[in-house]
Amino acid sequence: MTSLPSRAAVALNLIPLILLALEVNVISSFRPSLVSHITKTAHHPFGPLYHRGTRLASSIDNTGGSSAPLPFFAAPASFNASPPSSSSTPQSSTVTLRLPLGTLFDGRDYIFVTYTNVRGYEWGVKEVNILVEDLMDAALGSLGGELREAGVAPPNPTTTQQQTLTTDFELSQIVLVPTSDWDAASLGLGNRYDVYDGQQRLVTLNLLLAALRDSFQSEADGTAGGGKRAVALAATANEISSMLKPTKVRKDNVLRITLRKRDNVLLEKILSPRSESPDEEKEEQVIAIGSEGETPTAYLSKLTPKERNELLSPLSLANARIFENFLHISDRLSLLSTRERLRLLDYIVERVHLLVCIPETSRIARNIVMSQGRKGMDNEAIDDFKGLVCFRYTLEEQDMYQTFDRWDSLAAEPSIATLGDNSLQSAEQTITPVGRDIIAAACLLRSSAALRTKIRSGGGDEVYEWERWLRHVLWLQNQKLAEGQPAKGGGSMQTSWQGQDFFSQEIEPASLALYRFRTGHWDEFNFLAAKSKMGDDQNRSARVRVNLNFLKDIIASAGSAKESEILVLELLLRAEEHAAAGDDALLSRYLDDFLPLIERWSLWMALSRPSPMQRHARVFSLLDAMADVDSVASFEHSSGYDDMETLKECMNNYKFGATASGKRLAAAILNRMNAHLMMKDGTEVPDDQEPAVDAILPEKLPKGSDWDQHWTEEQHEEWIHCLGNLVLISKNCARGGKRGGKKEVDSTSWEAKLKVYKKETWPLTHELNDLSMWSVDAVSDRQKLLVSLLELIWKK
């Protein structure tokens, strides 16, 4: 029998492992980048996203590729890549360090890239000036502007000034995500990080240092006779150059920070110490700045307005911002003396600190940033998904940026102009701005419909479900192409369906449809336009508009009916598709059969307030029926969801007048009922009014009034919040006193109420004029009338 090893032998065997662990801990305390370099091959930088969606990934064939960098939140480039082995050892914790800028910009331990960050460089002169002025105030204090002549000793600073000059400047936190593309063989020891938060500050700091470098270099070049002063100034310029472009013997060059390719044109030239001759090894030289040996500041500052326009016109907006900000910083530094600029440089290098946070994955990075409220509207889950669609799942670089630009145009805040405004033009067609929130909502609704699952919003994790949706649609469309069938929106010559197609065929149509629905721009739908066949049928067109208006109002007013928007968007997209194809038969099925059914189900959700599971089950079952339009009749009868008695009971028991949301729900229902009566009488239904709800019986009965004589406290409590006691009035017809700054109807008597109701065109409001008094019998009869209208309008 083999004997067990002794405790001493085990302890001796563990000593090397313990020493190695201690060594790694010591290294991590001082140079965490070395630990990252040591363990870089032991973990995958893309985190949990890599594992998600592999079931679909194995079925998607990526036949092409691009040399463009991939977003840090994306999966690996190959659609059918296998997950990392179980032996991989991921980074175990988030590293947070407080580092001075001199340490952060020393050597190649921290090389930054932002070309996978969907947010570009957006700071203007205003933001840059605030940062530069703060740094100057902190570095120079009240001495700024006094050291004008070289060789003149500065006055002795006071205690306050000394304190100002030695106080650290905290430039807040930056969040970095490690990449895996650092080639130690060609670049030497170092690390490259994707900047998840801090891009604006890091780029601006690089511009500031570049302007300082050029100021010292120009002064050295202009010093007559050279001498020690010129040598010292040139050495200072070279020191700054090594921070912006850290060089290593026998290793390739690398810049401190690199943006996306099209945004990096001017920044790359500015961060280089002098204009250099074109690199013959590069595939293309995008632009040349200045003559060889000339500093960027010297060249850019002497450009005429015409030359500036010629330089910037082919470049992106980020390049224009970099150009303007760099010149502004250079002009600001020109007002300082040599001694002041040296003092500013020393302060930036030694006293400016950043809190450097390096989380394990991009998912953790997003949670850190969002939990601190740092980015807010600047970067959200929809922006990460934008990066996936534009860069990860689009192969050609030109298509990447074209899709990126189209997304930006779509995500712009909508103007007050109508959707037909042609103010935003792309190379192919007009892009209608709808806003980023609409795009996010459309993606949430469409992914829920496609995956048949509830997707939570607001936590940032929805991007993973959106990628599942993206990969699912890509797989379906590429399967069609593989079988010789045309893909959605594709021509006969199309060979692959990519992210750009997903945007143009899925995201853009859904976002436009959702925006039109939420804003009530019904004429912008092709199936409702005046030139369409439905537009010619005025009665049918009016009915569909009434249906859609009711759905818009009820979804906005009742949180329990919000899932209905999944069905509405599905119906609108199908209606647009069949209208474009001229398929009137299918269009009629959706509008005549499914639209009223969605109305009734939405009302059931709003009134009965079922659980989220019940609501999603109903929505998904109807989505299945919409995929097979011939089953709608049998489906409606067998679903068990058409119990009119349940709706009646809910309407009788619902306390509409007790809450603001209940009053909004009552306004939606009463508006729909009044519209039904107006269509029945042949009266035109206005769809641009926003009526208010008035409680006929006031919430408080004035003592000695008519109300007090006809109503007991028990009767008042029983009927005050029912739908029968609520009535629609136009907002501009409200009269009487104010409460909380809002006009209200005079409630002192029934006669005062009638003065307002007589002016209304709403049938259910106008008919109250026939009553001599609002009594218990009157409100009871009106409640029965509204319940009967409920059954009449939403019957099977």
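Residue numbers start at 1 and run along the sequence shown.
Within a 6.0 Å sphere centred on NZ of K454, other residues, nucleotides and ligands contribute more than 12 heavy atoms.
Separating the CG atom in L244 from the OG atom in S272 is a distance of 9.5 Å, to the nearest 0.5 Å. Atom-to-atom distance recorded for L595:CG and L551:CG is 6.0 Å, nearest 0.5 angstrom. We find the CG-CD1 distance between L205 and I174 to be 9.5 Å, quoted to the nearest 0.5 Å. In this structure, CG on L548 lies 6.0 Å from CG on L572, to the nearest 0.5 angstrom. Atoms CD1 and SG, on I382 and C443 in that order, are 4.0 Å from each other to the nearest 0.5 Å. Note that CG of L271 and CG of L255 are 5.5 Å apart. Values are rounded to the nearest 0.5 Å.
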**OP:** Could you walk me through whether Y121 and T204 pass the side chain to side chain donor-acceptor pair (under 3.5 Å) test, one step at a time?
**Re:** CA-CA 9 Å; Y121 182 65; T204 303; 2.9 Å; yes
Original post:
Would R260 and Y401 count as a side chain to side chain donor-acceptor pair (under 3.5 Å) if you check the C-alpha gap in whole Å, the side-chain angles of each, and the deciding distance to 0.1 Å?
Top reply: CA-CA 10 Å; R260 289 194 303 266; Y401 286 117; 4.7 Å; no
Subject >> Residue pair Y464, F385: steps toward the ring pair (Phe, Tyr, Trp, His ring centres under 6.0 Å) verdict >> reply: CA-CA 9 Å; Y464 304 109; F385 188 53; over 10 Å; no
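The closest side-chain donor-acceptor pair between T258 and N264, if any, does not fall under 3.5 angstrom. Looking at Y110 and R192, their side chains never bring a donor and an acceptor atom within 3.5 Å of each other. In the model, S186 has a side-chain atom that pairs as donor or acceptor with a side-chain atom of D183 under 3.5 Å.
Minimum heavy-atom separation, P433 to A412: CB-O, 3.4 Å. Here the closest heavy-atom approach between residue A579 and residue L587 is recorded as CB-CD2, 4.4 Å. Scanning all heavy atoms of the two residues, the minimum distance from W466 to A440 falls at CZ2-O, 3.7 Å. Looking at every heavy atom in both residues, S496 comes nearest to N478 through CA-OD1, 3.5 Å. Closest approach of V619 and E563 over heavy atoms only: CG2-O, 3.7 Å. In terms of heavy atoms, L410 sits closest to T432 at CD1-O, 3.2 Å.
At a threshold of 4.0 Å, the pair E122-R321 does not count as salt-bridged, since none of the basic side-chain nitrogens sits closer than that to a carboxylate oxygen. With salt bridges taken as basic N to acidic carboxylate O contacts below 4.0 Å, one links K261 and E397.
Side chain of T394 to main chain of V389: a donor-acceptor pair is present (N/O by atom type, distance under 3.5 Å, no hydrogens or angles). Using a distance-only test at 3.5 Å, with no hydrogens or angles considered, a donor-acceptor pair links the side chain of N325 to the main chain of W123. Side chain of N206 to main chain of L202: a donor-acceptor pair is present (N/O by atom type, distance under 3.5 Å, no hydrogens or angles). Not a single donor-acceptor pair under 3.5 Å links the side chain of E413 to the backbone N or O of G435. A donor-acceptor contact shorter than 3.5 Å is absent between the side chain of H472 and the backbone of R468.
Remark: Q485 pairs with E483 by the side-chain hydrogen bond (donor to acceptor under 3.5 Å, both in side chains) rule, at least two apart or across chains. For D408, the side chain to side chain contact (heavy atoms under 4.5 Å, CB included) partners at least two apart in sequence or on another chain are K386, F404. Partners of F502 according to the ring-ring contact (aromatic ring centres under 6.0 Å, His included) rule, which considers only residues two or more places apart in sequence or in another chain, are W469. For the side-chain hydrogen bond (donor to acceptor under 3.5 Å, both in side chains) test, residues two or more places apart in sequence or in another chain that qualify with D405 are R262. Legend: residues meeting side chain to side chain contact (heavy atoms under 4.5 Å, CB included) with D501, ordered by chain and number and at least two apart, are Q494, W497, Q498. With sequence neighbours excluded, no residue satisfies side-chain hydrogen bond (donor to acceptor under 3.5 Å, both in side chains) with S511. In this structure, the ring-ring contact (aromatic ring centres under 6.0 Å, His included) partners of F503, at least two apart in sequence or on a different chain, are W407. Shown here are the side-chain hydrogen bond (donor to acceptor under 3.5 Å, both in side chains) partners of D399, two or more places apart in sequence or in another chain: Q500. In this view, E565 and L445, L514, F517, R518, I555 satisfy the side chain to side chain contact (heavy atoms under 4.5 Å, CB included) rule, not counting sequence neighbours. Qualifying ring-ring contact (aromatic ring centres under 6.0 Å, His included) partners for Y590, counting only residues two or more places apart in sequence or in other chains: H578, F594. Qualifying side chain to side chain contact (heavy atoms under 4.5 Å, CB included) partners for F323, counting only residues two or more places apart in sequence or in other chains: L266, L300, L303, R308, L311, L312, L327.
Identified under the salt bridge (charged side-chain N to carboxylate O under 4.0 Å, His left out) test for residues 573-582, with sequence neighbours left out: E570-R574.
Taking 4.5 Å as the limit, some side-chain heavy atom of D263 sits within range of a side-chain heavy atom of S316. Side-chain contact between R201 and S172 is present, with heavy atoms from C-beta onward closer than 4.5 Å. You'll find the side chain of T114 stays beyond 4.5 Å of the side chain of V203, heavy atoms only.
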